[in-house]
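As structure tokens, the structure follows; a few thoughts come after it.
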Amino acid sequence: MPHNVIFSINGPVVTVKDTKDFFMQEMVYVGNDRLVGEVIEINEDRTIIQVYEITTGLKPGEPVEPTGAPLTIALGPGLIGNIFDGIARPLKTIQQQTGAFISRGSSLSSLDTERLWDVVMLVTEGNSVHPGQIIAQCPESESITHKILVPPDISGRVVFVAKNGQYRINDTICEIETESGQRVPLSLCQNWPIRKPRPYKEHLPNTIPLITGQRVIDTLFPIAKGGTAAIPGGFGTGKTMTQHQLAKWCDADIIVYVGCGERGNEMTQVLEEFGELIDPRSGRKLTDRTILIANTSNMPVAAREASIYTGITIAEYYRDMGYNVAMMADSTSRWAEALREISGRLEEMPAEEGFPAYLPSRLAEFYERAGRVNTLSGSNGSVTIIGAVSPQGSDFSEPVTQNTKRFTRVFWALDKSLAYARHYPAINWMTSYSEYDNELASYFEQEVDPEFMKCRARIISILHEESSLMEIVKLIGADVLPDDQKLIIDIARVIRIGFLQQNAYHAEDTYVPLKKQFLMMKVILHLFDRAKALIESNIPISRLAESGIYEKIIKIKYDVPNSRTDMLEEYFKYINNVVDEILGKS
Amino acid sequence: MIIEHVGLKEITGPLVILDGVTGASFEEIVELRLTNGQIRTGRIVQIDGDRVVIQVFEGTPGLSLENTRTVLTGRPMGLPLSEEILGRVFDGVGRPIDGLGDIFAECSRDINGSPINPVARIYPRNYISTGISSIDALITLIRGQKLPIFSGYGMKHNELAVQIVKQAQISEESDERFAVVFAAMGVKKDVAEYFRRSFESSGVLSRVVMFLNLSNDPIIERIITPRCALTAAEYLAFDKGMHILVVMTDMTSYAEALREFSSSKGEIPGRKGYPGYLYSDLASIYERAGMIKGCSGSVTQIPILTMPNDDITHPVPDLTGYITEGQIVLDRTLDGLGIYPPVSILPSLSRLMKDGIGEGYTRADHAQLSNQLFASYAKVQEVRALATVIGEDELSAIDKKYLEFGRLFENRFISQGFNENRTIEQTLNLGWEILSVLPREELDRVDDALLDKYYKV
């Protein structure tokens, strides 16, 4: 009779009575099927465990086995291009083993232990190595070279180095003698507890933008590499669509996409689409830089809670190799709900809307793992976190949105009425903000154009003026406005439709380089400036609309290919001609 | 040897508590044998050592602490299945109630199902023509999708569901087999009867499996009903290669049953008293749709739910919308104007349509046309709001055009007969015809080539 046995079962929560064998956050195996679980509460009387799989069929009296380690995942080559569940078990292997439906109790390593990797060693015997140092590398995918790091808690002198050649992930490629004289064998992979942030040397300022090719994001509400962003929006406003667009086009080296409690078909879509799409910078398939974590809404709820940590741990691991990693979490609300569900089963005292009182601290811990850093190996890397939030009833005052707002620095608020009008991306330019704009200003001014920030400020102010004018228009109609105000409304419409709206399904419009974004702004502002001449000459501004010039400017996004920004020069002349013609006629 | 546990420890609402039970497993089915010969079924929902909490499907009236003997069956809730279930009627927990006797089962499946591995799914791309303009053009239904109808009391959601089932062209492909699984949860008897008669008159009754939990049936059974229906659907789709359309009505009653059950268990309530796990629970139902690799069949879901007080932010429609792949929202104002089907276009959405329309599926102009219709109709709403303030006469000429477009769109495009089956060609052409009311330069979502081809001066 085993000593530690299940006493009670309530959904994903089981308890063990009268034991002192467990420690907090220890990984355990539960029941005869050895379901993976984690210790979440211990008191004199009971040890409480959350189980990462469906608990149907468990019986009291079945054994619970401690493992002596916290919940860890194996990190090494083979993660890229793969898809995992919430606790990093490879879904493709699970499919081979159990078919189309996921059954319980499969304990699989995240990595393929049989595959051979072409390893090139970068240290020689006698070298002294420090934690996080790169000792070897191997090509992991067409576009990513995997670097083998000394685990963060090991340093010493190299006493054995394997020859360059093919190795499996668990083969010893190097041995290190630590100061205490202990010989530590290193393989291609290392384990790391998912709830513990990986160490780095120092934090760097957020001065480089993550370029996404999405105009409303890059120009109006930019995010820095190593920054944090929240995308809140009710259902149907395009959170997932925005996340997909960012995952496809942003200029990070590696994407970690966490589908946390979302739809199964969406994950399948990502798998299919990313397998076909080509990364514009590397020319390789997008799957060659993507890692997917899928815990769909009907998969066990406790694993949903873990999936966020699994994702960020993998992201940090690649950051430590010196890569810029972007992590998308869709959606953090489902993760918060998983916290609430477990908390409810534990009969904890709820705070706002039934969420546990520790929700804000958990959110903070998570978002604080983002950042651009100088890694232990001396190179610079970053983890950018973009979290979708699904507010209940589209109400941004609910706890998850509000607390996320506190810990993220970019807020892309998705708006239902924009989505209803099929204005995508439905990012509301009045309620969204980016706190990085000052830190990034010098990048835009140096790398794109010295006038970039000025143009941006003017575009924003036109949009704000329009918004206050619309209050009046709603009451009395646009016809009674004076011409200079009508012009603002017309130009704002050009900005909204021609600049902010972006068609993800259009080959040219789905990704737009910064240079073109800037020139588009300039063309629109040039039109605005020239049109003022008409007002000064008391020519009705409606003449401009009749000339069809607005429609022509709006269609720049389709008519000018991304590779032909020189064509935009023509538009300045065209605007001059149209305006001069109207001026001349009267 | 079968162990019987005599008596009960406690009875609260639909739950009974039993002490001194050994060997019980979580979510196992138990039988409660009453001294009067009645047998009731229950499910273990919580275990604390030797104390188990059982939910009794048929409810607890008539139970006392002494008149029952409880037997553990040792297995989770299963549904006996074979192709014979086609054309049959079952109660909410899968027992035949049409008087034709038991099913000769080929297998028995756990009604909770297992999640489909995302790797094994096929991304749905085949569109289903429903013959309803508003849906085909703007909220296209895709095979393997879950697309709920958000309605309110007294609106014509049942008619719409029947029309979709009747006209869904999924049924006309000769070599592929099609069936309907219908789950009624807490609906009135005449509603269930209306569905049965409609299936009969459209000649599909022999291919319909019905699970009925009517409004006066026990609420605990209601929690089981959709799971039975989906187990049957998955069996027919993935074992027998059939295309299954699952109609479930009314999901709000289901959620209310879940709330009642949760509160009698003494759980901490979340929003509006619904349990904190309502999202996960609904997902365990809705996610059982789709197609998987290596199977020719599919499960398409059309859940119907009534929004209490027509409030789309109520937890049930809200959480549903986050799980399903879009929604068809019905609108009371349109309904009041006599427009059938009263589909409110702007909040409605089909997330999968973008990959299932256009060249090779419907027609090349479909995506841009639907975008333009959405955008123009959104503008109509703005103009109407303005008109209520300053009066229609004061509107600009262009705004008046929008009002006319709005009227035509509602009366000719959205509105159609209950028996009217429009082809996709008809629907798209009608869309262009109505758009042509607006000046060409207002149509900024369509490129010039398409305008040249379809815009009528």
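The figures here come from the full heavy-atom set of this structure, side chains too, leaving out hydrogens, waters and symmetry mates. Since the structure is predicted, the reported quantities are computational estimates derived from the model, not experimental observations.
Contact annotation for B/Gln381: neither backbone nor side-chain heavy atoms come within less than 4.5 Å of a heavy atom of chain A. Only the side chain of A/Ala294 comes within less than 4.5 Å of a heavy atom in chain B; its backbone stays farther off. Contacts of B/Thr22 with chain A are absent, with no heavy-atom separation under 4.5 Å from either backbone or side chain. Using a 4.5 Å cut-off between heavy atoms, A/Glu272 contacts chain B through its side chain alone, with no backbone atom that close. With a threshold of 4.5 angstrom between heavy atoms, A/Thr55 approaches chain B through its backbone and through its side chain. In this structure, the portion of A/Ile497 lying under 4.5 Å from any heavy atom of chain B is its side chain and not its backbone. Contacts between B/Tyr377 and chain A at a heavy-atom distance below 4.5 Å are absent for every atom of the residue. For A/Pro391, the parts lying near chain B are the backbone and the side chain together; criterion is any non-hydrogen pair under 4.5 Å. When heavy atoms are compared at a cutoff of 4.5 Å, A/Lys474 approaches chain B solely by way of its backbone atoms N, CA, C and O. Neither the backbone nor the side chain of A/Lys17 has a heavy atom closer than 4.5 Å to any heavy atom of chain B. The contact between A/Glu262 and chain B is made by backbone and side chain atoms together, counting heavy-atom distances below 4.5 Å. The part of A/Ile83 that comes within reach of chain B is its side chain, from C-beta onward, which places non-hydrogen atoms under 4.5 angstrom from that chain. Within the 4.5 angstrom heavy-atom criterion, no atom of A/Val270 approaches chain B.
Of all the heavy atoms in A/Arg263 and B/Tyr322, the pair that sits closest is NH2-O, 2.8 Å. Heavy atoms only, all atoms of each residue included: A/Leu91 and B/Val119 are closest at CB-CG2, 3.5 Å. Contact detail for B/Pro115 and A/Ile54: the closest heavy-atom pair is CD-CD1, 4.0 Å. The two residues A/Gly393 and B/Thr313 have their closest heavy-atom pair at O-CG2, 3.5 Å. Nearest heavy atoms, A/Lys555 versus B/Asp444: CE-O, 4.5 Å. Considering every non-hydrogen atom in both B/Ile268 and A/Gly344, the closest pair reads CD1-O, 4.1 Å.
One N or O on the side chain of A/Thr268 and one on the backbone of B/Pro118 form a donor-acceptor pair closer than 3.5 Å. A distance-only check finds no donor-acceptor pair linking the side chain of A/Tyr558 to the backbone of B/Asp447 [under 3.5 Å]. Between the side chain of B/Glu287 and the backbone N or O of A/Gly264 there is at least one donor-acceptor pair closer than 3.5 Å.
Atom CD of A/Gln97 is surrounded by more than 12 heavy atoms from other residues, nucleotides or ligands within 6.0 Å.
Of the listed residues A/His423, A/Glu266, A/Arg334, A/Met299, the one with more heavy-atom pairs under 4.5 angstrom with chain B than any other is A/Arg334. Chosen from A/Lys239, A/Arg304, A/Lys92, A/Glu273, the residue pairing most often with chain B at heavy-atom distances under 4.5 Å is A/Arg304. In terms of heavy-atom pairs under 4.5 Å with chain B, the best-connected choice from A/Ser343, A/Ala421, A/Ala419, A/Ala338 is A/Ala421. Taking chain B as the reference chain and counting heavy-atom pairs below 4.5 Å, the highest number among A/Gly57, A/Gly259, A/Gly11 is found for A/Gly57.
Looking at B/Tyr123 and A/Leu271, their side chains never come closer than 4.5 Å, going by heavy atoms from C-beta outward. Residues B/Lys146 and A/Asn265 form a side-chain contact, since some pair of their non-hydrogen atoms from C-beta on lies under 4.5 Å apart. The shortest distance between side-chain heavy atoms of B/Glu267 and A/Arg345 falls below 4.5 Å. Inter-residue side-chain proximity for A/Asn10 and B/Lys265 is flagged as met; some heavy-atom pair is nearer than 4.5 Å. In this structure, the side chains of A/Glu398 and B/Arg271 stay at 4.5 Å or more apart for every pair of heavy atoms. Residues A/Arg422 and B/Leu349 form a side-chain contact, since some pair of their non-hydrogen atoms from C-beta on lies under 4.5 Å apart.
Of the inter-residue distances, the one linking B/Ser114 atom OG with A/Ile102 atom CD1 reads 8.5 Å to the nearest 0.5 angstrom. Separation of atoms CZ (A/Phe101) and CZ (B/Arg288) is listed at 8.0 Å; rounding is to 0.5 Å. For the atom pair A/Ser417 OG and B/Leu346 CG, the distance stands at 10.5 Å (nearest 0.5 Å).
Side-chain atoms of A/Glu341 and B/Ser280 form a donor-acceptor pair, as typed in the model, at a separation below 3.5 Å.
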Walk me through whether B/Arg440 and A/Glu551 qualify under side-chain contact (heavy atoms from CB on, under 4.5 Å). CA-CA 11 Å; B/Arg440 186 173 157 145; A/Glu551 269 54 46; over 6 Å; no

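Under the 6.0 Å distance and 45° angle rule, B/Arg351 does not count as a cation-pi partner of A/Phe235.
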